[in-house]
Amino acid sequence: MQVFEVKKIGKIVVLGTGGTIAGTAASASDHTGYTAGQLGVQHLLDAVPGLNDVLQDVALVGEQVAQLDSKDMDHATWQILAQRCSHWLAQIDVGGLVITHGTDTLEETAWFLQQVLHSTKPVVLTCAMRPATALAPDGPQNLLDAMAVVLDPMARGVLAVSAGRIHSARDVQKVHPYRLDAFSSGEAGPRGWVEQGQVRWSGPCHAPEPHAHAPQALAQAVADWPWVAVLHCHAGADARQVRALVDAGAKGLVVAGTGNGTVHRSLLTTLAEAQKQGVALRLVSRCAEGQIVGQLAALQLAPLGLNVYKARISLMLDLMQ
Ligand code: ASP
């Protein structure tokens with residue numbers, strides 16, 4: 001792990017994890033045929049013009065925590081990242097953290113960190129849709145915007161900054177595979193905007209309480225984390241999928257139900273059997289927006305408003321010993 005310090009006097013720490021923001025392609029016009037996670041965090045910081053003007057007398061510390069394509073994000077990397085975040089957040093002179101991350105699973109990492117970190121200091125994830133070698137890369141602007149947000153006195157908790165918008169860890173979701181503004185907070189709307197380096201909040205910003213099992217997530221061997229899988233309801237759904245997961249040892253299943261949390265009839269009996277066997281079940285809607293209204297469902301609802309991937313994280317934490 002490489003740690004380097006640029007200046008002293010009150011710090012912002014930038015943790016690099018890889019992603020397209022650190023990606024390189026053979027040609028400047030190639031936005032898809034690149035390799036993510038190639039450039040170190042110092043390289044990314046050096047490529048941001050005007051960074052020192054934003055920082056003024058605040059020191060910047062960079063640390064490379066991981067170097068991966070976030071499609072390959074795993075629990076071991078999450079645990080190390082959370083441990084490094086806790087380490088830095090506990091230091092009195094650290095005002096907040098910026099994390100450079102791939103876009104693919106950014107929303108999951110953001111929610112995991114929001115659930116396990118005990119700090120009101122801001123932790124701002126940022127990313128890019130174009131590799132660093134693109135003719136007009138979006139990473140440097142996103143990083144500069146993230147820096148404006150982390151330095152803002154109103155910033156609290158885990159946030160994501162991309163394409164001039166600030167999103168909460170709870171609401172942020174990648175909604176587009178290619179365009180630069182790939183993220184949305186759905187009906188909740190963004191927490192704010194960064195315009196000409198100025199932060200404009202849509203309302204008060206606060207850091208929610210962490211999950212009761214946050215200490216376990218930081219300390220328990222990742223191999224012992226309960227396996228929680230995701231099951232999507234769809235036309236032609238087949239109960240063999242439920243049985244296969246249960247037989248393979250899944251401890252929890254998050255079911256993405258159709259519409260207002262309805263579950264395909266072919267799955268109901270097998271899900272009920274799985275529950276009797278001790279498998280924890282949670283229900284969300286597979287709809288891209290909104291949340292389940294009313295308690296119609298036989299299954300216990302996941303915390304309202306979480307998408308299926310974030311509900312998986314919350315159930316995994318619920319099941320930690
Ligand atoms: N596959 C990349 C990643 O998530 C995509 C990106 O960063 O835009 O690391």
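Predicted model only: the values in this text are computed from it and were never measured. Atoms within each ligand, like the ligands themselves, are counted from 1 in listed order.
Ionic pairing of D318 and R282 is present here: one or more N-O contacts between side-chain nitrogen and carboxylate oxygen are shorter than 4.0 angstrom. Using a 4.0 Å cut-off between charged side-chain N and carboxylate O, E63 and R84 make a salt bridge. A salt bridge between D93 and K11 is present, with a side-chain N of the basic residue lying under 4.0 Å from a carboxylate O of the acidic one.
Listed by atom number, the atoms of ligand 1 under 4.0 Å from A128 heavy atoms are 6 (C), 7 (O), 8 (O). Listed by number with element, the atoms of ligand 1 under 4.0 Å from a non-hydrogen atom of Y34 are 5 (C).
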Practice item. Report the C-alpha separation of H211 and H213 in whole Å, then their side-chain angles, then the decisive distance to 0.1 Å, and conclude whether the ring-ring contact (aromatic ring centres under 6.0 Å, His included) test is met. Key: CA-CA 5 Å; H211 193 283; H213 295 166; 5.3 Å; yes

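When hydrogens are left out, the protein atom nearest atom 3 (C) of ligand 1 is D69 OD1, 3.2 Å; that is the closest non-hydrogen contact. Among all non-hydrogen protein atoms, the one lying nearest atom 5 (C) of ligand 1 is T20 OG1, 3.1 Å. Shortest contact from atom 8 (O) of ligand 1 to any protein heavy atom: T103 OG1, 2.5 Å.
Here the side chain of T270 pairs no donor or acceptor atom with the backbone of A239 at under 3.5 angstrom.
Remark: R200 is positioned above the aromatic ring of W193, its terminal NZ or CZ atom under 6.0 angstrom from the ring centre and at most 45 degrees off the axis.
A heavy-atom distance below 4.5 Å is found between the side chains of M147 and L45.
The shortest N or O to N or O distance between K174 and ligand 1 is not below 3.5 Å. In terms of N/O distances under 3.5 Å, ligand 1 is approached by D104.
Neither the backbone nor the side chain of A182 comes within 4.0 Å of ligand 1, counting heavy atoms alone.
Of the listed options S70, A36, G23, S70 places a heavy atom closest to atom 9 (O) of ligand 1.
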